[in-house]
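A short worksheet on the structure shown next.
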Amino acid sequence: MGAFRPFLDVEQSTCGRRWVLRDGDDRQAQMIHQRLGLPEVVCRVLAARGISADAAEGFLSPTLRDLLPDPSHLKDMDKAVARLTAAIEGGETIAIFGDYDVDGATSSALLYRFLSAAGAEPLVHIPDRMTEGYGPNAPALRALAEAGASVVVTVDCGITAFDPLEAAAEAGLDVIVVDHHAAEPRLPRACAVVNPKRLDDDSPHDTLAAVGVAFLLVVGLNRALRQSGWYGEHCPAPDLMQWLDIVALGTVADVVPLTGVNRALVAQGIKVMAKRGNPGIAALLDVAGVTARPDAYHLGYVLGPRVNAGGRVGQADLGVKLLTSDDPAEAAVYAQRLHGYNQDRQQIEAAVLMEAIEQAETAAADGSNPMILVSGADWHPGVIGIVASRLKERYTLPALVVALDGGMAKGSGRSVPGLDLGQAVIAAREAGILTAGGGHAMAAGFSLEAARLEEFRAFLAERLRLQATEGLVPTLEVDGVVDISACTPELLELLARVGPFGAGNAEPRFVLPSVRVAKADVVGQGHVRCFLTGAAGGRLKAIAFKCVDTDLGLSLLAGTRSALHVAGTLRLDTWQGRNECQFIIEDVAPAGM
């Protein structure tokens, strides 16, 4: 960070960022152009993502046949498969204990659907964020045992639940941990711990979301049941492909890198989702007003927040109920309730975000500060993760938001590429500063005594400074320039083949050079809508979201007086039957800097 020559000489944009050209091999871009005949701008996007000419054709058409690994390569997978196979064939009651976010909900729903299709009648428990907190807890596990469960599968949680899983074992439960969060040298007491991030697991697939790990478990189980002759006599063999829409939703929403097998899972899952075979997902698309073919954007920014809302400010298990319902009428009710919870979440989030920004401005003004940490009494724990994401995007720094409740503090953090927040939080827990904490590179959650908050701030700042060896200059990576006249639906169709886009496979970001704002106004909840014109002509509709009170919004509203370089992404606008390009503005800089 900070070591690159600024692109178009933008050393400090309106948003305070240095623009840098995404690194790519121009020779590979030219070779891709020669072999596949794609436009040069698309070829450069591919090369900038490390795609060679030899790999380009396969990258543009990812398949599970080529990319899905054998489930048995993961440590303890065969143990987990053997125990669950015995439970299914022996008529035991299996319980699923999931997290309350989208990854947990989709993991739970996937496992529930498969076990039900295989003839089991699983129980599901999703902990309430406010009363139970994150992860397995002893009272809930004991309650599952009392309800008749002999096997519990924890999904998207459990890897550091040492005491609760000890209690589960004492209650006679066989626990199978299916997780993807950072592990410690010590593993919890369980009959199987399936996690590609186990320190003793050399799996190359350690970026899987929990739902991806759960899908591998389902693939392994399906194979074992087929080999044992279970199918046919007891139930028909299920088609696992029908549930890839659930896998895709959890993978995108958990912001894991969309590369390798993750990319294939999402690409194929989006195709399944377009058929609207899952009544819950179809109902959620309807209530959100999505009529176009869904893509990764809809999964991450339209469906994901609504599923999350149940666990954040509403009913924790509502997301699982939605995704496992086969009754369209019932699914419509669940979807409407989640939509309402999401509206409540937005109002709560807006209030917390306003207070958080007031605190964050001071920290952001200090150029040596490696992070932002804000806290407030009575902040709703269900929105602190979202507010942390907003602060991270606004300041391009790791951001942690802490809700204070009496003498305790509960926090959530989001990081930027190159700074591993999860490991820093785990180190703070191991140092005795936190009562609980964990996560992965880009996100973490934690709890501590409020009196130790400043100690935690200092500890974390030092850890992150040690990681930030190349400085903390915020940067914005771009894929090059594009003229307004080239922004067509045809270009978007070609760029879409490089997707699905998300973490690890960034949506292409371009600069419209030396354009002028022909018209700008405020729409919706603080968005700035405008029309851009190029020096050589052409006109393009554009919008910058939630920026009216920022330097970016003010620059656009006053931008008719001077030329600007405008950075952002292209998106298809299909509103009211349109088929036009729209530019999503992320940053601007005066032209001729």
What heavy-atom pair brings [X] and [Y] nearest, and what distance separates the two atoms?
{"X": "Arg414", "Y": "Gly385", "value": "NH2-CA, 3.6 Å"}
{"X": "His565", "Y": "Ser514", "value": "ND1-N, 3.1 Å"}
{"X": "Gly439", "Y": "Ile426", "value": "O-CD1, 4.5 Å"}
{"X": "Arg345", "Y": "Pro305", "value": "NH2-CB, 3.7 Å"}
{"X": "Leu284", "Y": "Val307", "value": "CD2-CG2, 3.6 Å"}
{"X": "Ser555", "Y": "Leu564", "value": "O-CD1, 4.5 Å"}

Can you measure from [atom1] ([X]) to [atom2] ([Y]) and round to the nearest 0.5 angstrom?
{"X": "Leu373", "Y": "Gln359", "atom1": "CG", "atom2": "CD", "answer": "9.0 Å"}
{"X": "Met31", "Y": "Leu36", "atom1": "CE", "atom2": "CG", "answer": "10.5 Å"}
{"X": "Ile51", "Y": "Phe59", "atom1": "CD1", "atom2": "CZ", "answer": "4.0 Å"}
{"X": "Leu554", "Y": "Cys547", "atom1": "CG", "atom2": "SG", "answer": "8.5 Å"}
{"X": "Thr569", "Y": "Gln582", "atom1": "OG1", "atom2": "CD", "answer": "9.5 Å"}
{"X": "Lys546", "Y": "Glu393", "atom1": "NZ", "atom2": "CD", "answer": "9.0 Å"}

So, the side chain of [X] versus the backbone of [Y]: is there a donor-acceptor pair under 3.5 Å, distance only?
{"X": "Thr106", "Y": "Asp103", "answer": "yes"}
{"X": "Asn262", "Y": "Thr207", "answer": "yes"}
{"X": "Asp99", "Y": "Gly104", "answer": "no"}
{"X": "Asn308", "Y": "Val102", "answer": "yes"}

(request) State which residue, out of Asp587, Asp9, Thr475, fulfils the side-chain hydrogen bond (donor to acceptor under 3.5 Å, both in side chains) condition with Trp19. (result)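 In the set Asp587, Asp9, Thr475, the residue that makes a side-chain hydrogen bond (donor to acceptor under 3.5 Å, both in side chains) with Trp19 is Asp587.
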(request) Could you tell me whether Glu57 atom CD has more than 12 heavy atoms of other residues or ligands within 6.0 Å of it? (result)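 Atom CD in Glu57 is not packed in, count stays at 12 or less.
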Could you tell me which residues satisfy side chain to side chain donor-acceptor pair (under 3.5 Å) with [X], sequence neighbours excluded, listed by chain and number?
{"X": "Tyr395", "result": "Glu361"}
{"X": "His339", "result": "Arg306"}
{"X": "Arg276", "result": "Asp286"}
{"X": "Arg22", "result": "Glu477, Asp479"}

(request) Determine, step by step, whether Leu572 and Asn579 satisfy the side-chain contact (heavy atoms from CB on, under 4.5 Å) criterion, reporting the C-alpha distance in whole Å, the side-chain angles of both residues, the deciding distance to 0.1 Å, and the verdict. (result) CA-CA 7 Å; Leu572 191 65; Asn579 190 40; 3.4 Å; yes
Taking the side chain as everything from C-beta on, heavy atoms only, tell me whether [X] gets closer than 4.5 Å to [Y].
{"X": "Leu512", "Y": "Val482", "result": "yes"}
{"X": "Asp156", "Y": "His180", "result": "yes"}
{"X": "Leu60", "Y": "Leu38", "result": "yes"}
{"X": "Val45", "Y": "Phe510", "result": "yes"}
{"X": "Thr251", "Y": "Leu258", "result": "yes"}
{"X": "Phe7", "Y": "Leu476", "result": "no"}
{"X": "Ser412", "Y": "Val401", "result": "no"}
{"X": "Ile386", "Y": "Arg312", "result": "yes"}

(request) Over 60° means perpendicular and under 30° means parallel, so classify the ring planes of His181 and His440, tilted if in between. (result)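 Correct class here is parallel.
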(request) May I have all residue pairs that pass salt bridge (charged side-chain N to carboxylate O under 4.0 Å, His left out) and include part of residues 489-514, sequence neighbours excluded? (result)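 Listed by first then second residue: Glu507-Arg571, Arg509-Glu586.
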Quick one: side chains of residues 294-302, donor-acceptor pairs under 3.5 Å with protein atoms, not counting sequence neighbours, listed by atom name and distance.
from, atom 1, to, atom 2, distance (Å)
Asp295, OD1, Tyr297, N, 3.0
Asp295, OD1, His298, N, 3.2
Asp295, OD1, His298, ND1, 3.0
His298, ND1, Asp295, N, 3.1

List, one per line, each side-chain donor-acceptor pair under 3.5 Å for residues 529-544, sequence neighbours excluded.
from, atom 1, to, atom 2, distance (Å)
Arg529, NE, Asp521, OD1, 3.3
Arg529, NH2, Asp521, OD2, 2.8
Lys541, NZ, Asp573, OD2, 2.5

(request) Assess whether side-chain contact (heavy atoms from CB on, under 4.5 Å) is satisfied between Thr63 and Leu67, documenting all intermediate values. (result) CA-CA 6 Å; Thr63 65; Leu67 296 169; 5.7 Å; no
(message) Would Met371 and Arg457 count as a side-chain contact (heavy atoms from CB on, under 4.5 Å) here? Give the steps.
(response) CA-CA 9 Å; Met371 66 177 195; Arg457 184 197 303 270; 3.5 Å; yes
Set of salt bridge (Lys or Arg N to Asp or Glu O under 4.0 Å) partners for [X], sequence neighbours left out:
{"X": "Asp54", "value": "Arg35"}
{"X": "Arg463", "value": "none"}
{"X": "Asp25", "value": "Arg27"}
{"X": "Glu462", "value": "none"}

(request) Check the pair Val498, Leu46 against side-chain contact (heavy atoms from CB on, under 4.5 Å), reporting the backbone distance first and the verdict last. (result) CA-CA 7 Å; Val498 185; Leu46 286 166; 4.0 Å; yes
(request) With sequence neighbours excluded, give me every ring pair (Phe, Tyr, Trp, His ring centres under 6.0 Å) pair touching residues 369-391. (result)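 For residues 369-391: none.
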